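Each remark here refers to the structure printed beneath this line.
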Amino acid sequence: MSITKNLNYLYNKISKDIKVVAVSKTKPNQDILEAYNFGHKCFGENKVQELTEKFNSLPKDIEWHFIGHLQRNKVKYIIKFINLIHSVDSYKLLNEINKRAEHEKRIVNCLIQVKIASEENKYGFDINEIDNVINFSKNLNHINIKGFMGMSTLTDNKNIIINEFSKLQNLFESYKSNKLNILSMGMSNDYNLAIEKGSNMIRLGSIIFGKRNYL
Ligand SMILES: *Cc1c(COP(=O)(O)O)cnc(C)c1O
């Protein structure tokens, strides 16, 4: 299977209203360039060092998204160029992003990561904390909260996934506005269900680039 073929399939299948973030973590620049030459310009990474290396060596019109757990002491390395941080999961991280963005005279787009899965190892704010987080963020002038991101439980049970996605869909609907309009939900295994539940941004790795050897 080629990357171009995979993207072609997805572009034909998925509505233009849904943004595809090509998750290129662990994949070489050559693979990213194949997608880029096809016309795909939006990529997601989950490690700061890997992302900065790729940013430095790849075309500058690529739109980079950060999708993994972000350590506060590493915000400074991506703040100059990052287009969207999907994974804001603490007040301290919000403060740090705001501070660094102010220093760069930027306003940085962020999504609040919401914990919808029951798995212990998933990051994100509790759903009943979101009101506070939104209010807190209103005082941060260098952050634009653009919406929410969530990950479902890793399971074959569709009902569990649908139930988790529904929770995030309801949350999104209650905050949705012209400014807050992104729902980042769905990966290679569950993007169809996510789209049914109102997702407008899907993060696809293995279905585009093939299997990874490690996370
Ligand atoms: C790795 C990763 C993805 C993509 O996973 P696939 O199953 O390969 O599509 C999406 N979102 C996040 C947060 C990830 O870490």
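Starting from 1, each residue takes its place in the sequence as its number. Side chains are part of it too, since the values below use all heavy atoms of this structure and drop only hydrogens, waters and symmetry mates. Just so you know, these numbers come straight off a predicted model, no measurement behind them. Both ligands and their constituent atoms are indexed starting at 1 by order of listing.
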Within-cut-off N or O pair, M187 and ligand 1, under 3.5 Å
no

Could you tell me whether some N/O pair between S206 and ligand 1 is separated by less than 3.5 angstrom?
yes

Below 4.0 Å, non-hydrogen atoms only: which portion of H86 touches ligand 1? Side chain, backbone, both or neither.
neither

Should E96 and R100 count as an ion pair when the cut-off is N to O under 4.0 Å?
yes

If you draw the axis of the six-membered ring of Y123, does the NZ or CZ of K115 fall within 45° of it and under 6.0 Å from the ring centre?
no

Numbered atoms of ligand 1 (with element) below 4.0 Å of L204, judged on heavy atoms:
9 (O)

Should the pair E63-K19 be classified as a salt bridge under the 4.0 Å nitrogen-to-oxygen rule?
yes

Of all the atoms in ligand 1, which lie at a distance below 4.0 Å from a heavy atom belonging to M151?
13 (C)

Quick check: R203 and ligand 1, any N/O pair under 3.5 Å apart?
yes

Salt bridge K80-E104, side-chain N to carboxylate O under 4.0 Å:
yes

From CA spacing to verdict: ring-ring contact (aromatic ring centres under 6.0 Å, His included), F165, F172:
CA-CA 10 Å; F165 283 166; F172 178 58; over 10 Å; no

Quick check: are there more than 12 heavy atoms from other residues, nucleotides or ligands sitting under 6.0 Å from OH of Y9?
no

Of the backbone atoms (N, CA, C, O) and the side-chain heavy atoms from C-beta on, which set of I67 has a member under 4.0 Å from an atom of ligand 1: side chain, backbone, both, or neither?
both

